[in-house]
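These numbers come from the heavy atoms of this one structure, side chains and all, not from hydrogens, waters or symmetry mates. So that the names make sense, note that chain A is the first sequence line, chain B the second, and so on, each numbered from 1.
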Amino acid sequence: MPKLKVSLLTGRTVDQGVGKEHGKLSEEYQESVAICHMDPEDIKSLGIRENENVKIITNFGSVVLRLVKSPTAPHPKIVFIPYGPWASLVMNPETHGTGMPSLKGIPAEIEPALEERVSSMLDLLEEHYKRE
Amino acid sequence: MPVVSQVTCPVCGSFCDDIEVIVKNNVITDVRNACAIGAAKFLDYANHRSVKPLVRKNGELVEASLDEAIRKSAEILIDATYPILYGWSSTSCEAIRVGLELAEEVGGVIDNTSTICHGPSILSIQDVGISSCTLGQLRHRADLIVYWGCNPWSSHPRHVERYTTFSNGRFQKSTWRAYVSRLGGILSKKRLRRAVNLVLRRDVFATPEISRELPYTMFKKKRKMVVVDVRKTHSADVADYFLQVEPNKDYELLQAFRMLIADEELDVDRVAGVPVETLDEIADVMIGCKLGVIFFGLGLTMTEGKLRNIDAAISLVRDLNRRTKFLIMPMRGHFNVAGANVVFTWQTGYPFAVDFSQGYPQYNPGETSVIDILCRDETDAALVVASDPVAHFPKKAAQNLVKNPLIVIDPQTTPTSLMADVVFPSTFVGIETEGTAYRMDHVPLPLKKIVEPPSNCLSDVEILQRILHEVRRLGSKRK
C-alpha cells in the first residue's frame, strides 16, 4: 500500500469555528474537523481521490479521517487537520518544559484507508476515553 | 423591533464591540456586523444547551438538584490532594477571580488555556520584554502589517477589517479597494486565458513561473501586508506578499532577518526555503516603513523552538526599533484569554500554571502546567470551566484527565462534559450574563446581557461562589 511521509499541522478554520458554535455533537462540527487537507499532488501520489478515507499515523497514535483537497495548496508533504478530538489523537504531548505540547510540524505517515470508517464523536470517546 | 447595539462578541480575541443584535420575545433573531463564527454563536447558542445539573450515578449521568451537584463537587475538591482547575478563557474576569479563590482554598493547580496557546509567548515576554500597543494605534498608524504563523482570516475573521490592512485609520487608509481591483485583474486575466484557449483549442499562455520578486505594492507608501506561513492560507491571499517558510524553520528565518537588518552578510543562498535576495528586499521594506507591526500566532508557539521562536521575533522587533518604529503582538485566541492572564497576575503574581499546593502561589511552566501534570499522571481530580480539554488536549493528557473525578461548568454539551461526574450548565457570558473581558491588546471591555437565561440556570460566578462556600463549610466541619 502506498505510504507518504508528511509533516502534520493543526489549526483553526472558519468551518471549525462555525461548527463548534453549532454544538460539539453536531454533524456540522464533525464534518468540519474529522477531515484532513492535503496537497492535490500528494493525493495523486497516494492513488486515492477526494472524500475517501486516509489513516494518519504518528508516534503517538493513529486516526482515520476524510480526505479533502487543500484550498491552500501547493504545500507538498504538509497535511493540515483542524483542531478537534480527531486531531488530538495523533498530537505530540511533549512540552519540552514549556507547558505547551507540540501541535504543529509533527512527522507522520499517511496511507489510504478505504475500508476503514471515520469514527463518530461518541464512538471516538467510547474507544479512547472510556471511563472504568 | 428592539435592536441591542454596541454588543461585544464573546468568541475570539479580536473581541469586536460593534455587533448589533435583534431580539424578539427574548430570542435572538438576527445579528449584524458579526463574522460567520460570531453570528453562529449568537444565533445557535440556544439549540444545543443543557439546562439541568447532572451527576454521574452507576456510570450514567443523571439529572440532579443544584444543591446535590454543588455538594458532590465540593466533596470531590476537598477529597482530592492535587486537583486541577482549568479553562477560564471563555468566561468573565469576575468568574476567574472566584476561581482563583477556590484554587487557593482547595490547594490545587489553576491554569488557563494560554498553557496550550500563547504560554510560550508569555514565557518569552517575561524573558525578553515586549514593545506593544493597543489595536487602535495600529488601525490609525501602522503602514506595514506582518502576520507571522497565524491565519486571521480563519481564526480572527474581522481582525484585518477592523484593526489592520482593511481598516480606515486617521493616517492610514484601507487598502480594500486596491485589493478588490487587484483581484478583479487576476480574475479577468484568468477568464481571458480560458476564453482564448477555448477558441484556439490549445494552451497559448505558458504557465507563469512563480516570481520571487516583490510586487510593486510593497514599495508604495500606503499600507502593506505580509504573511509568513508554511502554507498559503486565505490570509495570504489578501496580503501584498506571502513568504512561505519550511515547517519548523521559523527560528532560522527570524534570525536571518535580524542579521540582514544589522547589515550583515548571509553565507547561504536560502534560509528556511526562501532565497536570501528576497529576504534582503523584505528587510528593506521593514526598515523603510513608518510604523510596522508583527502579529504572531501558534505557528511560532507550537512548533519546534516554541518560546525561543518568540524570543527571536521580539528581538527582531527590538533590532528594527533602532532603524524605525516597530511593534509586536500575539494573536490571542479566546475572547478573554488575555483577561485570564491579567486576573491571574493581579491575584497571584503569575499569568498561568499557578500551583497552590504549598499554600502559596508557585509558578513553573513545564512542572505546574496542566498538560505536564496530566501526562505525569499526578492529579486526582479536576474542575473545568468554559473549556473542552477532552477535545483539544493530546490523547495521553485527556485520558488521564477523564479517569479521575471531573466537574464541568459549561453552558454547552461538550466531549468533556460527557465524560464528567458533575455537570453544571451555566449561562452564556456575553449573551445571558454580563461581565468584563480583555481584548488581545489588554483593553478591558464590558460583556452585555442581551437575553434572559433559562430559569434556574446560574452564571459561572454564582456556581463557583456556591462551590467555594460549600468547600469552606464542609472543610470547617471536617476539621
Side-chain angles (χ1 to χ4, degrees), chain A residues 7-26 28-29 33 37 39 60-61 70-75 77-78 80 82-106 121-122 124-125 128-132, chain B residues 11-12 35-37 40-41 44-45 47-48 59 111 115-117 119-120 123 151 153-155 157 230-234 236 244 247-248 298-299 301-304 306-307 333 352-353 365-366 369-372 375 388 390-399 402-403 412-415 418-419:
Chain A
S7 182
L8 210 58
L9 298 180
T10 58
R12 285 190 194 282
T13 63
V14 173
D15 289 344
Q16 175 258 348
V18 173
K20 86 179 155 57
E21 299 304 342
H22 281 298
K24 289 272 172 73
L25 303 180
S26 68
E28 287 98 331
Y29 182 67
V33 300
H37 291 178
D39 188 277
F60 316 97
S70 175
T72 56
H75 48 76
K77 304 284 164 59
I78 293 178
F80 175 86
Y83 290 139
W86 286 267
S88 300
L89 296 178
V90 288
M91 292 299 115
N92 179 1
E94 177 55 59
T95 76
H96 301 107
T98 64
M100 164 68 97
S102 306
L103 306 185
K104 291 183 197 280
I106 304 156
M121 172 74 90
L122 294 177
L124 184 148
L125 293 177
H128 297 280
Y129 303 108
K130 193 174 191 306
R131 300 191 65 137
E132 306 279 307
Chain B
V11 175
C12 77
C35 66
I37 306 173
K41 171 124 192 181
D44 291 324
Y45 79 96
N47 295 341
H48 53 90
D111 203 352
T115 198
I116 191 168
C117 181
L123 296 179
N151 179 13
W153 192 269
S154 298
S155 55
V230 292
R231 57 192 184 110
K232 196 167 191 277
T233 57
H234 291 307
Q244 191 157 13
N248 292 326
L298 304 190
T301 66
M302 280 181 176
T303 48
E304 240 167 60
K306 291 176 181 166
L307 73 160
F352 68 108
S369 37
V370 283
I371 302 276
D372 297 274
C375 287
D388 188 9
V390 172
H392 298 123
F393 278 7
K395 184 174 156 185
K396 190 178 169 192
Q399 279 176 332
V402 298
K403 74 179 190 187
Q412 306 180 38
T413 305
T414 63
L418 290 175
M419 293 286 121

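The contact between B:L298 and chain A is made by backbone and side chain atoms together, counting heavy-atom distances below 4.5 Å. Both the backbone and the side chain of A:M100 come within less than 4.5 Å of a heavy atom in chain B. For B:E304, no part lies near chain A; criterion is any non-hydrogen pair under 4.5 Å. In this structure, the portions of B:P365 lying under 4.5 Å from any heavy atom of chain A include both its backbone and its side chain. Within the 4.5 angstrom heavy-atom criterion, no atom of A:I106 approaches chain B. Contact of A:S102 with chain B is made through backbone and side chain together, with heavy-atom distances under 4.5 Å.
Residue with the most contacts toward chain A among B:T303, B:L418, B:V402: B:V402 (heavy-atom pairs, distance under 4.5 Å). Here B:S154 is the residue among B:A36, B:S369, B:S154 with the most heavy-atom pairs under 4.5 Å with chain A.
Between A:K130 atom NZ and B:M419 atom CE the span is 9.5 Å, to the nearest 0.5 Å. Distance check, rounded to the nearest 0.5 Å: CD of A:Q16 to CD of A:E28 gives 13.5 Å.
Put simply, the side chain of B:T301 gets close to the backbone of B:C117: a donor and an acceptor are under 3.5 Å apart. The backbone N or O of B:T414 lies less than 3.5 Å from no partner atom in the side chain of B:D388, so there is not a single donor-acceptor pair.
Ring geometry for A:Y29 against A:W86 counts as tilted: the plane angle lies between 30° and 60°, on a 0 to 90° scale.
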